[in-house]
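Working notes, beginning with the structure itself.
Every heavy atom of this structure was used, including side-chain atoms; hydrogens, water molecules and symmetry mates were not.
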Amino acid sequence: MASEAVVSTPAPITNPGQRDYYWVRSFVAGGVAGCCAKSTIAPLDRVKILLQAQSPHYKHLGVFATIKAVPKKEGYLGLYKGNGAMMVRIFPYGAIQFMAFDNYKTLLSKQLGISGHIHRLMAGSMAGMTAVICTYPLDVIRARLAFQVKGDHRYTGIGNAFQTIYLKEGGIPGFYKGLTPTIIGMAPYAGFSFFTFGTLKSLGLKHFPELLGHPSSDNPEVLILKTHVNLLCGGIAGAISQTISYPLDVARRRMQLGTVLPDSEKCLTLTKTLKYVYTEYGVKKGLYRGLSLNYIRCVPSQAVAFTVYEFMKQTLHLN
């Protein structure tokens, strides 16, 4: 998200048919923005997974050394391994998250009377968890494919990975390994992403509208942030949310990879995984291994996500 966390506010629509069409357009806008953002940082995501799970082929290397080593060992396309599965997952993930955020925000403010900045935090957390639950099996597949190294393949593609996990890892439950730490981690991650970005956006447009914003092309009465301001706000939001939730992300990846890891029997539950990683590797080289890469991912990912999303909103007349 996160890098996938973008704040959008539905325009008032009175006709039910128009309302349905609005959500279709909103779904497409969120999905396209998510796909563009994730494709931009796919190489960094692959390296993050290899470092988080202590791949035996690269565990002795750092972030930049791994980025150089992967193309030498697997070719440049090796940096995009697992990205196909990511695209299949991220389109519905981004779309569901944006739509769920709008709905939860409306529910909290109008039905429960919760308003102010806190409703952004709560709606963002709920939206993130909803999107994760709906798309989690695809995230597992993507992680398995991205962890494979040339010459040491267990799966031949997305379809084969689905079939193998289903037959050899207990059926449907095999696709939900690591769901608990993912949901627990997503709550603060998505929540603080929406909260931070939404707060910075509203304060910026309120106090410095001419300096930080400009009218939307499809609705001049609506102010949107300038591209470089979107980048800055998104980067800050991503950095804060990522720092808070990163250890849970490490645990999630290890649990997702399951039997692919030689020490998988020590990573069966969230508590055991966190304890094992801390005991075996410590805080810096274990619980926060690869965090610097996530900070590097934050700025370009958010820049693309916000820019494409704002463009899609104007193109599809969502403002």
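Under the 4.5 Å side-chain heavy-atom criterion for Ile, Leu, Val, Met, Phe, Trp and Tyr, Leu274 and Leu291 are members of the same hydrophobic cluster. Residue Ile224 is not grouped with residue Leu200 when hydrophobic side chains (ILVMFWY) are merged at heavy-atom distances under 4.5 angstrom, including chains of intermediate members. Phe208 and Leu205 fall within a single hydrophobic cluster, where Ile, Leu, Val, Met, Phe, Trp and Tyr are joined by side-chain heavy atoms under 4.5 Å apart, directly or via other members. Under a hydrophobic-cluster definition in which Ile, Leu, Val, Met, Phe, Trp and Tyr are linked whenever side-chain heavy atoms come within less than 4.5 Å, directly or via other members, Leu203 and Phe194 are assigned to different clusters.
With contacts defined as side-chain heavy-atom distances shorter than 4.5 Å, the pair Phe101/Lys105 qualifies. Gln242 places a side-chain heavy atom less than 4.5 Å from the side chain of Tyr189. Side-chain contact check for Ile118 versus Met122: some heavy-atom pair is nearer than 4.5 Å. By the 4.5 Å heavy-atom criterion applied to side chains, Ile67 and Pro43 are not counted as neighbours. Here the side chains of Leu287 and Tyr246 are not in contact, with every heavy-atom distance at 4.5 Å or above. Arg25 has its side chain out of reach of Val28: every pair of non-hydrogen atoms, C-beta onward, lies at least 4.5 Å apart. At a threshold of 4.5 Å between non-hydrogen side-chain atoms, the residues Asp102 and Trp23 count as touching. The closest side-chain heavy-atom distance from His214 to Leu223 is not below 4.5 Å.
Every residue two or more places apart in sequence or in another chain that forms a side-chain contact (heavy atoms from CB on, under 4.5 Å) with Leu167 is listed here: Gln163. Considering only residues two or more places apart in sequence or on other chains, Phe175 meets the ring-ring contact (aromatic ring centres under 6.0 Å, His included) condition with Phe162. Residues satisfying the side chain to side chain donor-acceptor pair (under 3.5 Å) test with Asn230, not counting sequence neighbours, are none. Taking the salt bridge (Lys or Arg N to Asp or Glu O under 4.0 Å) definition, one finds that Arg144 meets it with Glu169, sequence neighbours left out. Looking at residues two or more places apart in sequence or on another chain, you find no ring-ring contact (aromatic ring centres under 6.0 Å, His included) involving Tyr104. Legend: residues meeting side chain to side chain donor-acceptor pair (under 3.5 Å) with Ser217, ordered by chain and number and at least two apart, are Gln314. Asp218 pairs by the side chain to side chain donor-acceptor pair (under 3.5 Å) definition with Ser216, Asn319, not counting sequence neighbours. Scored by the side chain to side chain donor-acceptor pair (under 3.5 Å) test, Thr180 finds no partners at all (sequence neighbours excluded).
A donor-acceptor distance shorter than 3.5 angstrom exists from the side chain of Ser125 to the backbone of Ala187, with no hydrogens or angles considered. Side-chain N or O atoms of Ser241 include one that pairs as donor or acceptor with a backbone N or O of Gly238 at under 3.5 Å. Here the side chain of Ser202 pairs a donor or acceptor atom with the backbone of Thr199 at under 3.5 angstrom. Side chain of Tyr136 to main chain of Lys177: a donor-acceptor pair is present (N/O by atom type, distance under 3.5 Å, no hydrogens or angles).
The hydrophobic cluster of Leu77 has no other members, since no ILVMFWY side-chain heavy atom comes under 4.5 Å of it.
Nearest heavy atoms, Leu108 versus Ala123: CD1-N, 3.6 Å. Annotation for Gly185 and Leu248: closest pair CA-CD1, 3.5 Å, computed over non-hydrogen atoms. Across Met129 and Met186, no two heavy atoms sit closer than the pair N-CG, 3.7 Å.
Applying the salt bridge (charged side-chain N to carboxylate O under 4.0 Å, His left out) definition to pairs two or more places apart or across chains, none involves residues 122-134. Sorted by first and then second residue, the side-chain hydrogen bond (donor to acceptor under 3.5 Å, both in side chains) pairs with a member in residues 271-291 read Asp263-Tyr276; sequence neighbours excluded. Note on residues 122-139: pairs passing salt bridge (charged side-chain N to carboxylate O under 4.0 Å, His left out), not counting sequence neighbours, are Arg89-Asp139, Asp139-Arg252, Asp139-Arg253.
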